[in-house]
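Reckoned from all heavy atoms, side chains included, excluding hydrogens, waters and symmetry mates. Every value quoted in this text rests on a predicted model; they were computed, and no experiment measured them.
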Amino acid sequence: MEGERIISLDGKITSWREADLAPELLFGHNWVYTTINTFAHKPLHISLKLRYALDSYHKLFGSRPKIEPEIVAKEVRNLLYYGLYPEGGNTVNLYLIPTGEGSCRRVLIHEATTPYDGYGLLSVRPKGIIANYEIPYEKHQTNVSMTAARFADNYAASHNYDTALRANRAGTLISSGDNPLFALRGNTLITTPLDKGARGSAERELMFRLAELCGVAVVEEELKVEDAATYEEMIVFTPVGLQSIYSLGDMKLGNIYATLLGKHLATLSRE
């Protein structure tokens with residue numbers, strides 16, 4: 001496997017060339033996924049991440065694989081160790097792929113190395129644009145949602161923006177790709193409720209926890225596209241941490257509350 005990119009397949013360290021994995025399972029099949037943040041090769045909030053992934057798998061494919069957080073945590077550490085990845089920040093994607101008759105393949109792939117010690121306040125503030133699109137099974141992180149997010153960001157780039165904020169047909173702002181979106185009005189963070197199109201996720205729960213640590217109020221209320229000019233900041237909780245949106249269209253946004261929240265990310269990383 002020297003010189004080859006390695007993966008973890010059902011707990012076994014292997015390479016793409018040697019893996020017992022049909023290419024069509026990843027490129028022409030349905031699956032759910034989650035992105036796991038790590039520091040010093042330790043997965044952060046792995047139980048929470050896995051719970052959402054397994055819940056989605058059960059709802060979409062009818063069975064619930066018996067995968068324990070401790071097992072996935074060990075596999076993540078092995079992947080990063082044997083892959084010779086640095087002992088700083090890394091993200092790893094976990095893919096749960098159904099293969100029929102209730103069976104599931106479990107694939108871990110290194111996604112990126114980050115400059116952050118756990119969760120961080122991302123240094124890059126992207127210029128955003130609103131993209132209106134719907135996703136089948138929008139309550140789940142799937143190959144479809146991943147592809148739609150990448151397509152929307154490519155659309156944004158073609159119009160000289162950095163990222164696309166997703167709005168649905170009802171004119172409600174939902175997310176930034178697969179990541180939950182929060183907006184500031186006054187001294188309150190607002191996020192779209194689950195029953196209005198938002199998706200439950202580990203990142204959404206972590207943002208609520210972070211706001212609690214900071215003493216910042218969060219309310220669930222529709223983020224309407226028509227009200228976009230009333231929002232002072234827009235913040236996304238990504239698998240790596242907070243990302244403050246620099247602008248939405250021609251409207252510049254603030255960064256004060258994102259900076260305030262960012263001061264408590266170290267506590268969230270240790271929990």
[X] versus [Y]: any side-chain heavy-atom pair under 4.5 Å?
| X | Y | answer |
| --- | --- | --- |
| L96 | W31 | no |
| E271 | L213 | yes |
| T191 | L181 | no |
| L242 | L210 | yes |
| M234 | L248 | yes |
| F39 | S269 | no |
| C104 | Y95 | no |
| Y137 | L60 | yes |

ask   = Hey, what's the ring geometry for Y155 with H159, parallel, tilted or perpendicular (30° and 60° as the breaks)?
value =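 The arrangement is tilted - the two ring planes meet at 30° to 60°.
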ask   = Which of parallel (below 30°), tilted (30 to 60°) and perpendicular (above 60°) describes H45 and Y119?
value =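 Taking Y119 first and then H45, their aromatic rings sit tilted (interplane angle of 30° to 60°).
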Once rounded to the nearest 0.5 Å, what's the spacing between atom [atom1] of [X] and atom [atom2] of [Y]?
| X | Y | atom1 | atom2 | result |
| --- | --- | --- | --- | --- |
| E75 | I36 | CD | CD1 | 9.5 Å |
| L54 | K49 | CG | NZ | 12.5 Å |
| M207 | T238 | CE | OG1 | 10.5 Å |
| R51 | T34 | CZ | OG1 | 11.5 Å |
| I190 | L223 | CD1 | CG | 6.5 Å |
| T192 | L173 | OG1 | CG | 6.5 Å |

Quick check: is [Y] connected to [X] through a chain of hydrophobic side chains (ILVMFWY, heavy atoms under 4.5 Å apart)?
| X | Y | value |
| --- | --- | --- |
| I67 | Y52 | no |
| L94 | Y85 | yes |
| Y116 | L268 | no |
| L194 | L189 | no |
| L184 | F208 | yes |

Residues [X] and [Y] bridged, charged N to O under 4.0 Å:
| X | Y | answer |
| --- | --- | --- |
| E87 | K42 | no |
| D20 | K12 | no |
| K224 | E222 | yes |
| R185 | E221 | yes |

For residues [X] and [Y], report the shortest heavy-atom separation together with the two atoms involved.
| X | Y | answer |
| --- | --- | --- |
| Y231 | A183 | CG-CB, 3.7 Å |
| P43 | T38 | CA-CG2, 3.9 Å |
| L79 | S8 | CD1-N, 3.9 Å |
| T163 | S176 | OG1-OG, 3.6 Å |
| P65 | S63 | CD-O, 3.7 Å |

Judged by atom type as modelled, is there a donor-acceptor pair below 3.5 Å linking the side chain of [X] to the main-chain atoms of [Y]?
| X | Y | result |
| --- | --- | --- |
| K139 | A198 | yes |
| N78 | Y81 | no |
| H29 | P98 | yes |
| T142 | S145 | yes |
| D10 | R105 | no |
| H110 | A112 | yes |
| E233 | A258 | yes |
| R125 | L253 | yes |
| N168 | E134 | no |
| T147 | N143 | yes |

Going by atom types only, do [X] and [Y] share a side-chain donor-acceptor pair under 3.5 Å?
| X | Y | result |
| --- | --- | --- |
| N90 | H41 | no |
| N37 | T91 | no |
| Y257 | E232 | no |

message = For D178 and Y33: C-alpha separation, side-chain torsions, deciding distance, then whether side chain to side chain donor-acceptor pair (under 3.5 Å) applies.
response = CA-CA 11 Å; D178 271 342; Y33 84 99; 2.5 Å; yes
query = Does atom CZ of R64 have more than 12 heavy-atom neighbours, drawn from other residues, nucleotides or ligands, at distances under 6.0 Å?
reply =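 Result for CZ/R64: enclosed.
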query = Are there more than 12 heavy atoms of other residues, nucleotides or ligands under 6.0 Å from atom OH of Y246?
reply =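 Open.
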key: side chain to side chain contact (heavy atoms under 4.5 Å, CB included), paired with V240, selected from N179, L121, T114   =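 When N179, L121, T114 are each tested with V240, the side chain to side chain contact (heavy atoms under 4.5 Å, CB included) holds only for T114.
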